2 protein chains.
Amino acid sequence: MTEGRSRRPGPRIEEVARVAGVSKSTVSRVINGEKYVSERSRLAVHRAIAMLGYSPNHAARTLAGSRANAIALVISELGSRVLADPFFAGVLRGVHAELAGRHVQLLMMMNQPLDGEDQVAYLTGGHVDGALVVSLHGEDPLPRTLHETGLPIVVGGRPLAGGAVPFVDSDNFNGALQAVRLLVSLGRTKIATIAGPHDMAVGMDRLSGWRCGLAEHGMSVALVVHSDFTPESGALAMEELLRRAPDLDAVFVAADIMALGALRVLQARGYRIPDDVAVVGFDDSVLASTAVPPLTTVRQDVEQFGRTLTWRLLSELSGDEKLPQSILLPTSLVRRTSA
Amino acid sequence: MTEGRSRRPGPRIEEVARVAGVSKSTVSRVINGEKYVSERSRLAVHRAIAMLGYSPNHAARTLAGSRANAIALVISELGSRVLADPFFAGVLRGVHAELAGRHVQLLMMMNQPLDGEDQVAYLTGGHVDGALVVSLHGEDPLPRTLHETGLPIVVGGRPLAGGAVPFVDSDNFNGALQAVRLLVSLGRTKIATIAGPHDMAVGMDRLSGWRCGLAEHGMSVALVVHSDFTPESGALAMEELLRRAPDLDAVFVAADIMALGALRVLQARGYRIPDDVAVVGFDDSVLASTAVPPLTTVRQDVEQFGRTLTWRLLSELSGDEKLPQSILLPTSLVRRTSA
DNA sequence: GCCGCATCTGGGAGCGCTCCCAGAACCCGC
DNA sequence: GCGGGTTCTGGGAGCGCTCCCAGATGCGGC
């Protein structure tokens, strides 16, 4: 009478208990790493688990327990642009690496225009224990909304409308600062920038770094054109800069992908790189090394980014107090040919 | 006594039943779209669900039912290379679009060298109903292994060691064929190719298309160099081709990213593009439009790819018979400047 | 009239865990 | 000696669903 339904394969916790000569409760304690288990029992249980090839049923743990044993990876703002970014690929790799070995599922969610509300409902409905939010637009309200519901979240990239939402980000400010210092050390005196849009923290922080670097040397911070992280807009921005200052001798471009467009315009106008104009990009994406000439750029460790993001969330979930609210990851200059 | 544990928020199925004036069973039937429910009950239940904002508990459904209500997205072979590929980003977008509205979770899994066995165990352990496998190397044994366990899977990209594993792929053969026909129609007579590696179906299929296109016109298929989908190896391959045939007048490159390297070599040697040498790439990635000169290439609809992949799996899961075993998606030529 | 079949419904067992509770065993200090 | 704690253990009541079963009802044909 007990063999009624079509069962999933594999042993149950009860069998482990029998083989180990203890109760279900004790097996459960061992699995969840609780204290108050004798060394003897712990060993017996581990042996039994290995012998039977036991693996706990996720649904049952979630249903019975107070955790969902899953976290969400929320890709905000239509997903398309985030995903097209090789940056994201590296982050995802890091996230996964950090998750390895833990019994935590990674759920993918994209923020489609339709289901904004549904998504918040789903996330706060107990289906996940926390969320990693990768948001491009700094003013996306989602991170804040989620955080206010009390759901533990960590945002990848500093949110502009963040309030006190924990985030992990690359040190964009210092990366840009280093780039400018390099250009100055090379003797450049008329240093422009192609910045990102106003509504993205990543763009604004790089712009601040550029400003600060110039200010250090009393140089003008007038040569700014905002652009939107596409090669085409990078090209347009470069044209605008050249119109305003045909004699500029360096450009700090806030993303490699825009630098590609800028490079094309400079070359078309007959500027030699780096002789006439030095160019520094940002990201050290694959585009940088394949560009002609290969691009000097600011490197960020995207895999580390993903690992840190995940680590921060999991630590919070496991009750770790005194965690840093937010974390900045170092960036470093990569010298190639363009500067 | 009934309010014992810390509960997740929201109403239970029992409350929906009470409000709708029917039994739990009937509510369950409505939710799962079973037949044998009167129109009257169905309406009442829908109304109650809307009123209460009810959403079924995933863990409970999974535990009680015979389905896991989740599918896995398995990124095979170290993940790094697949992910860095913008191709993958589009696929993922498609996958997600197709999943929208269904109560199916998307679990991310990466195939790390360590946990090959664990992964198979996890996937076949009833945690998911099926899997989408995105595999780069055609000879990866994972798709076949999984398929043999009986787990419904669909592979993105034709597997070489596939056996009868269902897959979805772009029509690489015809894409290459079209590319060659274009080159022929442009009067080119010495058409080389930079092919992908031997162990990837995507490379081999494009190579076959190139061969076939040349054979149609009785042209030589001798000018082949294999490469590995990086710009650097594309450059090396181009150098090799020029050594063997300095007078070639066209190259079909099996990926835009390799074409970038080839372009660089050709330009460095003083060949004019497309005047001296016409170049056609494959993928229509972002690289193609930003290349100098903009690359004529073969386009594949990556989002459609993801949608189709998912559709095929879900159809199988819902018991659809007479599904096509595998599906090829059309590719089309995009004319730009390089040919 | 009656038997069969299709349609619809509710009751309730059970999915495989976690976590509460009660209790056993042991140590400590007075 | 006894009360108090800490350490360890097993029993068992759920978690919120699905799905089997039994039963009620309606409708057709003989």
Side-chain angles (χ1 to χ4, degrees), chain A residues 1-18 20-45 49 52 54-70 103 105 125-127 129, chain B residues 1-45 48-49 52 54-70 103 105 125-127 129:
Chain A
M1 195 60 68
T2 55
E3 281 297 338
R5 208 84 62 78
S6 88
R7 298 276 194 71
R8 282 169 237 22
R12 304 290 101 96
I13 201 174
E14 204 121 39
E15 267 174 81
V16 177
R18 219 184 37 241
V22 298
S23 70
K24 278 193 332 176
S25 304
T26 299
V27 176
S28 176
R29 287 189 194 100
V30 172
I31 291 172
N32 294 297
E34 287 170 29
K35 52 182 204 167
Y36 296 153
V37 179
S38 67
E39 203 50 37
R40 218 177 130 279
S41 299
R42 191 181 306 278
L43 240 69
V45 169
I49 287 177
L52 297 171
Y54 170 76
S55 131
N57 180 298
H58 181 263
R61 300 184 81 189
T62 301
L63 182 58
S66 41
R67 292 185 302 291
N69 304 299
H103 290 275
Q105 295 188 334
H127 297 273
D129 300 318
Chain B
M1 194 59 71
T2 54
E3 280 297 336
R5 205 83 61 79
S6 87
R7 297 277 192 72
R8 283 169 237 20
R12 302 292 100 95
I13 199 175
E14 203 121 40
E15 266 173 82
V16 176
R18 216 183 40 241
V19 170
V22 299
S23 72
K24 278 193 331 175
S25 304
T26 298
V27 176
S28 177
R29 286 189 193 98
V30 172
I31 291 171
N32 294 296
E34 287 170 29
K35 53 181 204 167
Y36 296 152
V37 179
S38 67
E39 202 51 36
R40 218 175 131 281
S41 299
R42 192 181 305 278
L43 240 69
V45 169
I49 287 178
L52 297 171
Y54 170 76
S55 130
N57 180 298
H58 181 262
R61 302 184 79 189
T62 300
L63 183 58
S66 41
R67 293 185 301 292
N69 305 300
H103 289 275
Q105 295 188 335
H127 297 273
D129 300 319

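In what follows, every chain begins at residue 1, and chains take the letters A, B, ... in the order their sequences are listed. The structure displayed is predicted, hence computed values, not measured ones. Both backbone and side-chain heavy atoms feed into the values below; hydrogens, waters and symmetry mates do not.
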Next on the checklist: When you compare the side chains of B:Arg12 and B:Asn57, does any donor N or O come within less than 3.5 Å of an acceptor on the partner?
Outcome noted: no
Checklist entry - Under 3.5 Å, is there a donor-acceptor pair between the A:Ser28 and A:Ser25 side chains? => result no
Interatomic distance, [X] [atom1] vs [N] [atom2] [rounded to whole Å]:
X        : N      : atom1 : atom2 : answer
B:His58  : D:dC17 : NE2   : P     : 12 Å
B:Arg42  : C:dC8  : CZ    : P     : 9 Å
A:Glu14  : D:dG12 : CD    : P     : 12 Å
B:Asn32  : D:dG16 : CG    : P     : 18 Å
B:His127 : C:dC15 : NE2   : P     : 17 Å
B:Leu52  : D:dG16 : CG    : P     : 15 Å
B:Arg29  : C:dG11 : CZ    : P     : 11 Å
B:Arg18  : C:dT9  : CZ    : P     : 19 Å

Checklist entry - Which sits closer to the 5' end of DNA chain C, A:Pro11 or B:Arg40, going by the nucleotide each is nearest to? => result B:Arg40
Next on the checklist: Taking the nucleotide of DNA chain C with the nearest heavy atom to each, does B:Ser23 or B:Lys35 sit closer to the 5' end?
Outcome noted: B:Lys35
So which nucleotide from [options] ends up closest to the side chain of [X]?
X       : options                : result
B:Glu34 : C:dC19, D:dC19, C:dG16 : D:dC19
A:Thr26 : D:dT9, D:dC19, D:dC17  : D:dT9
B:Lys24 : D:dG16, D:dG10, D:dT18 : D:dT18
B:Ala60 : C:dC8, D:dC17, C:dT18  : D:dC17
B:Arg67 : C:dT18, C:dC20, D:dC19 : D:dC19
A:Leu63 : D:dT9, D:dG16, C:dT9   : D:dG16

Checklist entry - Which residue lies toward the 5' end of DNA chain D, B:Ala59 or A:Glu39, if each is placed at its nearest nucleotide? => result A:Glu39
Checklist outcome for this item: The side chain to side chain contact (heavy atoms under 4.5 Å, CB included) partner of B:Tyr54 among B:Ile31, B:Val19, B:Val45 is B:Ile31
For a quick test of reading the model: is some side-chain N or O of [X] closer than 4.0 Å to OP1 or OP2 of [N]?
X       : N      : result
A:Ser28 : C:dC17 : no
A:Tyr36 : D:dC8  : no
B:Ser25 : D:dT18 : no
A:Ser38 : D:dT7  : no
B:Asn57 : D:dC15 : no

Next on the checklist: Students often get this wrong, so: under 4.0 angstrom with heavy atoms, is A:Ser41 touching a base, only sugar-phosphate, or nothing?
Outcome noted: sugar-phosphate
Checklist entry - Does any N or O in the side chain of A:Ser41 come within less than 3.5 Å of the main-chain N or O of A:Val37, such that one atom is a donor and the other an acceptor? => result no
Checklist entry - Do the side chain of A:Asp129 and the main chain of A:Arg67 share a donor and acceptor less than 3.5 angstrom apart? => result no
Item to check | Steps toward side-chain contact (heavy atoms from CB on, under 4.5 Å) verdict (A:Gln105, A:Asn69) | outcome: CA-CA 6 Å; A:Gln105 295 188 334; A:Asn69 304 299; over 6 Å; no
